[in-house]
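In this chain, residues are counted from 1 in sequence order. A quick note: this is a predicted structure, and the numbers were derived from the prediction, not measured.
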Amino acid sequence: MSELVVEDLHVQVGGQMVLNGVNLRVASGEVHAVMGPNGSGKSTLAYAIMGRPGYEVAEGSIVLNGVDLGDLSPWERAHAGLFSTQQYPTEVPGVGLENMLEEAVEAVGGDRSAVEAQVAAEAELVDFDPDLLYRSLNVDLSGGEMKRSEAVQLGVLRPRIAILDELDSGLDVDALAAVSHRIEQATHEDNLGVLAITHFSRLLTVLHADVVHILIDGAIAETGGPELAAQLEETGYDPWIDTRAESPVEIHLGGDPWP
């Protein structure tokens, strides 16, 4: 069993505070969805958890299985059991998908000789063209092909916790179904814990969320079950944005503050 604990997380980027006290607990086998409007801090949350440079944790902690990740580099966090998909995966000319996975598996003490068969099996599960396995990583791939490739990587590496940063971005209906189904399968077969960051509830029609969090202005405004995503389809984010707008505000124009 594994658990990712994000506690009172404040993150600043370029000197500006973007996250303002986020609290999350994602355990093995659970799917947590984080939803929110543009600019609410969803991707910042993903980047901070993975330790992307430039995303400074000003306060709070990120802990995986009792280990504080604060001083660990991204590759060390990956070794600890984290995995992240990207909205826009990076092209790596000259490095093949299979070669990359062999190195990654060997780096954590795995058997690189087993990777070829694992890659082929995972590619079949998500309908990833076998011819693309030998192309440079993400080079000249469509958005859907990149996301299928990331699902192959996840299946081979078998992380403890996966951070999905807008996995549904750029996916057509068929690709979304194939990739979501594979990740849903991993939550049952490998006890994978998932933190899925998304704009749309369509991702959750196959990858079933146990918990849904609404992120507004860098803070979680509400946490609930899958019904919360269904409510979003009907109302949008206005109910949560309006609630925050009604909070007391002080306006300073000199002299005494206005309530």
Side-chain angles (χ1 to χ4, degrees), residues 2 4 26 28-34 42-43 46 49-50 74 77-78 81-92 95-105 108 110 114-210:
S2 295
L4 173 68
V26 182
S28 295
E30 295 180 350
V31 176
H32 287 239
V34 176
K42 300 186 302 300
S43 290
I49 291 173
M50 291 305 301
R77 298 181 193 212
L82 290 183
F83 178 93
S84 176
T85 67
Q86 304 296 315
Q87 288 187 51
Y88 310 104
T90 301
E91 294 186 3
V92 188
V95 178
L97 171 62
E98 190 172 305
N99 297 131
M100 181 274 288
L101 287 171
E102 287 174 344
E103 295 295 331
V105 167
V108 293
V115 170
E116 182 177 5
Q118 292 172 341
V119 167
E122 292 295 335
E124 185 175 358
L125 285 175
V126 294
D127 297 323
F128 187 64
D129 186 346
D131 292 338
L132 300 179
L133 295 174
Y134 306 99
R135 184 180 294 181
S136 291
L137 186 63
N138 295 324
V139 173
D140 296 330
L141 298 188
S142 69
E145 289 166 343
M146 287 183 182
K147 298 303 174 71
R148 291 178 197 261
S149 172
E150 289 190 313
V152 170
Q153 296 168 43
L154 186 150
V156 172
L157 295 174
R158 298 193 176 186
R160 296 175 178 180
I161 303 290
I163 314 298
L164 311 179
D165 188 8
E166 298 195 22
L167 179 71
D168 46 356
S169 175
L171 286 184
D172 60 31
V173 174
D174 292 335
L176 179 62
V179 171
S180 300
H181 177 73
R182 179 64 189 101
I183 296 171
E184 172 81 6
Q185 188 179 36
T187 64
H188 298 294
E189 295 180 357
D190 301 322
N191 231 6
L192 175 70
V194 175
L195 180 62
I197 293 166
T198 182
H199 278 294
F200 307 108
S201 61
R202 65 173 187 158
L203 172 67
L204 308 180
T205 58
V206 178
L207 180 61
H208 299 106
D210 299 292

Would Ser84 and Gln86 count as a side chain to side chain donor-acceptor pair (under 3.5 Å) here? Give the steps. CA-CA 6 Å; Ser84 176; Gln86 304 296 315; 3.0 Å; yes
The criterion is side-chain contact (heavy atoms from CB on, under 4.5 Å); which residues satisfy it with Asn99, sequence neighbours excluded? Glu102
Check whether Asp168 reaches the backbone of Leu203 with its side chain - one donor and one acceptor, N or O, closer than 3.5 Å. no
Mind checking side-chain contact (heavy atoms from CB on, under 4.5 Å) for His208 and listing every partner two or more places apart, or none if nothing turns up? Glu184
List in chain and number order the residues that pass salt bridge (charged side-chain N to carboxylate O under 4.0 Å, His left out) with Glu166, two or more places apart in sequence or in another chain; answer none if no residue qualifies. none
Listed partners of Ala104 passing side-chain contact (heavy atoms from CB on, under 4.5 Å), at least two apart: Leu157
Under the side-chain contact (heavy atoms from CB on, under 4.5 Å) test, residues paired with Glu124 that sit two or more places apart: none
Can you tell me if Thr85 uses its side chain to pair, donor with acceptor, with the backbone of Asp165 under 3.5 Å? yes
Would you indicate whether the side-chain heavy atoms of Ser136 and Glu91 approach each other to under 4.5 Å? no
Would you name the heavy atoms of Val194 and Val26 that are closest together and state the gap between them? O-CG1, 3.7 Å
Does Glu103 have any side-chain hydrogen bond (donor to acceptor under 3.5 Å, both in side chains) partners at least two apart in sequence or in another chain, and if so, which? Arg112
With sequence neighbours left out, write down each residue that passes side-chain hydrogen bond (donor to acceptor under 3.5 Å, both in side chains) with Ser180, or none if nothing qualifies. none
Can you tell me how far CD of Gln87 sits from CD1 of Ile197, rounded to the nearest 0.5 angstrom? 8.5 Å
Min side-chain heavy-atom separation Val206-Leu176 under 4.5 Å: no
Salt bridge (charged side-chain N to carboxylate O under 4.0 Å, His left out) with Arg158: which residues, sequence neighbours excluded? Asp190
Residue Glu116 excluded, over 12 heavy atoms near CD under 6.0 Å: no
How long is the span from the CG atom in Leu207 to the CZ atom in Arg182, to the nearest 0.5 Å? 12.0 Å
Can you find a pair of side-chain heavy atoms, one from Ile161 and one from Leu192, that are under 4.5 Å apart? no
Would you say that Leu101 contacts Gln153 through its side chain, given a criterion of any heavy-atom pair below 4.5 Å between the two side chains? yes
What's the shortest heavy-atom distance between Pro159 and Leu154, and which atoms? CD-O, 3.5 Å
Closest heavy-atom pair and its distance - Phe128, Glu145: CE1-O, 3.3 Å
Tell me the salt bridge (Lys or Arg N to Asp or Glu O under 4.0 Å) pairs involving residues 130-139, sequence neighbours left out? none
Which heavy atom of Glu122 sits nearest a heavy atom of Ala151, and at what distance? OE1-O, 4.5 Å
Residues in salt bridge (charged side-chain N to carboxylate O under 4.0 Å, His left out) contact with Arg160, at least two apart in sequence or another chain: none
To the nearest 0.5 Å, what is the distance between CG (Leu141) and OG (Ser149)? 6.5 Å
Say you draw a straight line from CG of Asp174 to CG of Asp127; how long is it, rounded to the nearest 0.5 Å? 8.5 Å
Partners passing side-chain hydrogen bond (donor to acceptor under 3.5 Å, both in side chains) against Asn138 (at least two apart in sequence or in another chain): none
Report yes if the side chains of Thr187 and Val31 come closer than 4.5 Å at any heavy-atom pair, otherwise no. yes
For Val92 and Val139: C-alpha separation, side-chain torsions, deciding distance, then whether side-chain contact (heavy atoms from CB on, under 4.5 Å) applies. CA-CA 7 Å; Val92 188; Val139 173; over 6 Å; no
Tell me the closest heavy-atom pair linking Ala178 and Arg148, and the distance in Å. CB-NH1, 3.9 Å
Residues which pass side-chain hydrogen bond (donor to acceptor under 3.5 Å, both in side chains) with His181, listed by chain and number, not counting sequence neighbours: none
Specify the closest pair of heavy atoms between Ala33 and Ala209, including all atoms of both residues, with the distance to one decimal. CB-CB, 4.2 Å
4.5 Å side-chain heavy-atom contact, Leu195 and Leu164: no
